[in-house]
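Worksheet: one structure, shown below.
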Amino acid sequence: MASPDVPKATAKRLPLYYRYLKFFENTGRHSISSHELSDVIQVDSATIRRDFSYLGATGKRGAGYQIILLLDVLSRMLRQDQLVRIALVGVGNIGQALLNYNFQSTRKIRISAAFDVDQQIVGTIQNGVPIYSMAELSKQMSEQQLDIAILAVPAENAQEATDTMVKAHVRGIMNFSPRRLSVPSYVRVLNIDLGLELQGLIYFLDHYDEQSIESKSINHLTSD
């Protein structure tokens with residue numbers, strides 16, 4: 001995970017850097033400049049250089065950054081050197097889509113257990129993932145040492161499920177529920193609201209020209 005000394009905005013960009021640096025490494029590249037990376041990921045080069053300085057990486061004028069060294073640092077910060085197992089709470093429409101996907105683009109993240117109230121699917125295995133009853137949520141998360149979860153239950157059940165996960169020592173929750181969750185300060189919550197994101201996109205399309213939209217997109221990645 002990212003060091004507490006790394007700003008939140010920088011931490012959000014680390015997976016993006018890792019993905020594209022891995023791509024360049026696979027093409028046989030050994031080094032890359034901040035300007036080259038900027039052209040690909042649409043983050044300005046000054047921001048990239050500042051982000052890399054937090055990683056302790058320094059580029060050389062005319063030579064750029066050593067890709068293998070950047071990947072080594074990023075892989076450790078993003079826990080790419082170990083399998084991260086997560087829980088899925090709620091196997092409705094969104095949950096089922098996540099089970100089907102199960103992070104196929106990376107071999108280092110896997111949904112290891114899923115939980116639901118539907119007794120027709122409890123006790124089954126879907127896409128290699130066992131489905132448990134919600135009554136087993138705390139027990140299974142503790143026994144399997146799952147401290148990261150995706151929450152995809154209806155709004156009216158979200159807080160109760162969250163309280164149960166907190167008791168099982170969850171540290172991070174990706175929340176697809178429209179409800180804002182109440183959690184202790186040590187629990188990190190990432191709220192995913194597709195409706196709000198689409199409304200924001202529609203607003204930009206209606207009120208900004210093409211150049212401004214690109215600028216807003218970049219600012220979304222670079223803002224603190």
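For reference, positions follow the sequence shown, starting with 1.
- The side-chain heavy atoms of Val122 and Asp118, taken from C-beta on, include no pair separated by under 4.5 Å.
- In Arg29, the CZ atom is crowded: over 12 heavy atoms of neighbouring residues, nucleotides or ligands sit closer than 6.0 Å.
- Between Met134 and Val89 the shortest side-chain heavy-atom distance falls below 4.5 Å.
- Annotation: Leu196, atom CG; neighbour count of heavy atoms from other residues, nucleotides and ligands within 6.0 Å is above 12.
- The aromatic ring centroids of Tyr101 and Phe103 lie less than 6.0 Å from each other.
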* For Leu98 and Phe176, run side chain to side chain contact (heavy atoms under 4.5 Å, CB included): C-alpha distance rounded to whole Å, both residues' side-chain angles, the deciding distance at 0.1 Å, then the answer. => CA-CA 11 Å; Leu98 290 167; Phe176 280 91; 4.0 Å; yes
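- Side-chain N or O atoms of Arg19 include none that pairs as donor or acceptor with a backbone N or O of Leu14 at under 3.5 Å.
- Using a cut-off of 4.0 Å between Lys/Arg side-chain N and Asp/Glu carboxylate O, Lys167 and Asp163 are scored as not salt-bridged.
- A 4.5 Å side-chain heavy-atom check between Gln199 and Ile202 finds every atom pair outside the cut-off.
- Criterion: ILVMFWY side-chain heavy atoms under 4.5 Å apart, direct or through other members. Under it, Leu69 and Leu74 are not part of a common hydrophobic cluster.
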* Starting from the C-alpha separation in whole Å, work towards a yes-or-no answer on side chain to side chain contact (heavy atoms under 4.5 Å, CB included) for Asp44 and Thr47. => CA-CA 6 Å; Asp44 68 88; Thr47 296; 2.8 Å; yes
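- Residues Leu55 and Leu78 share a hydrophobic cluster, clusters being chains of Ile/Leu/Val/Met/Phe/Trp/Tyr side chains in contact below 4.5 Å.
- Side chains of Val189 and Asn191 form a contact here, defined as non-hydrogen atoms less than 4.5 Å apart.
- Within the 4.5 Å cutoff, the side chain of Val91 has no heavy atoms near those of the Phe115 side chain.
- Between Val6 and Met77, some side-chain heavy-atom pair lies under the 4.5 Å cut-off.
- When atom types are taken as modelled, the side chain of Thr124 and the backbone of Gln120 share no donor-acceptor pair closer than 3.5 angstrom.
- The list of salt bridge (Lys or Arg N to Asp or Glu O under 4.0 Å) pairs with a residue in residues 91-104, not counting sequence neighbours, is empty.
- In this structure a side-chain-to-backbone donor-acceptor pair under 3.5 Å is missing from Ser33 to Gly64.
- The distance from atom OH of Tyr54 to atom CZ of Arg13, rounded to the nearest 0.5 Å, is 9.0 Å.
- Here the CD1 atom belonging to Ile67 is positioned 13.5 Å from the CG atom belonging to Asp72, to the nearest 0.5 angstrom.
- Within a 6.0 Å sphere centred on CG of Asn26, heavy atoms belonging to other residues, nucleotides or ligands number more than 12.
- Here the closest non-hydrogen pair linking Ser112 and Pro130 is O-CD, 3.4 Å.
- Considering CG of Asn157 and CZ of Arg179, their distance stands at 9.5 Å, rounded to 0.5 Å.
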Which is it for Gln126 and Gln96 under the side chain to side chain contact (heavy atoms under 4.5 Å, CB included) test, yes or no, and what are the steps along the way?
-> CA-CA 9 Å; Gln126 299 194 18; Gln96 189 62 61; 2.9 Å; yes
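- Annotation for Ala149 and Met165: closest pair CB-SD, 3.4 Å, computed over non-hydrogen atoms.
- Under a hydrophobic-cluster definition in which Ile, Leu, Val, Met, Phe, Trp and Tyr are linked whenever side-chain heavy atoms come within less than 4.5 Å, directly or via other members, Val84 and Ile173 are assigned to different clusters.
- Residues Leu88 and Leu181 do not share a hydrophobic cluster, defined by chaining ILVMFWY side chains whose heavy atoms lie under 4.5 Å apart.
- Lys139 and Glu143 are joined by a salt bridge, as a carboxylate oxygen and a charged side-chain nitrogen come within less than 4.0 angstrom of each other.
- Scanning both residues, Ala152 and Gly95, for their nearest heavy atoms gives CB-N, 4.2 Å.
- Summarising the local packing, CD of Glu156 is surrounded by more than 12 heavy atoms from other residues, nucleotides or ligands at distances under 6.0 Å.
- Note that CZ of Arg188 and CG of Leu190 are 9.5 Å apart. Values are rounded to the nearest 0.5 Å.
- The side-chain heavy atoms of Ile148 and Val170, taken from C-beta on, include no pair separated by under 4.5 Å.
- With Ser38 contributing its side chain and Ser34 its backbone, the two residues share no donor-acceptor pair below 3.5 Å.
- Taking every heavy atom of both residues into account, Leu99 and Ala114 meet most closely at CD2-CB, 4.5 Å.
- No path of Ile, Leu, Val, Met, Phe, Trp and Tyr side chains, each step under 4.5 Å between heavy atoms, connects Ile68 with Phe23, placing them in separate hydrophobic clusters.
- The shortest heavy-atom contact between Leu151 and Ala161 is CD1-CB, 4.0 Å.
- Within the 4.5 Å cutoff, the side chain of Val73 has no heavy atoms near those of the Tyr17 side chain.
- To the nearest 0.5 angstrom, Phe52 atom CZ is 10.5 Å from Thr10 atom OG1.
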Derivation of the side chain to side chain contact (heavy atoms under 4.5 Å, CB included) call for Leu71 and Tyr18 = CA-CA 6 Å; Leu71 285 174; Tyr18 183 86; 3.7 Å; yes
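- For the side chain to side chain contact (heavy atoms under 4.5 Å, CB included) criterion with Ile86, the lone passing option out of Leu146, Asn102, Ile150 is Ile150.
- Contact detail for Tyr65 and Ala57: the closest heavy-atom pair is CE2-O, 3.9 Å.
- A distance-only check finds no donor-acceptor pair linking the side chain of Gln140 to the backbone of Ala113 [under 3.5 Å].
- Note that CG of Asp51 is 12.5 Å distant from NZ of Lys12, once rounded to the nearest 0.5 Å.
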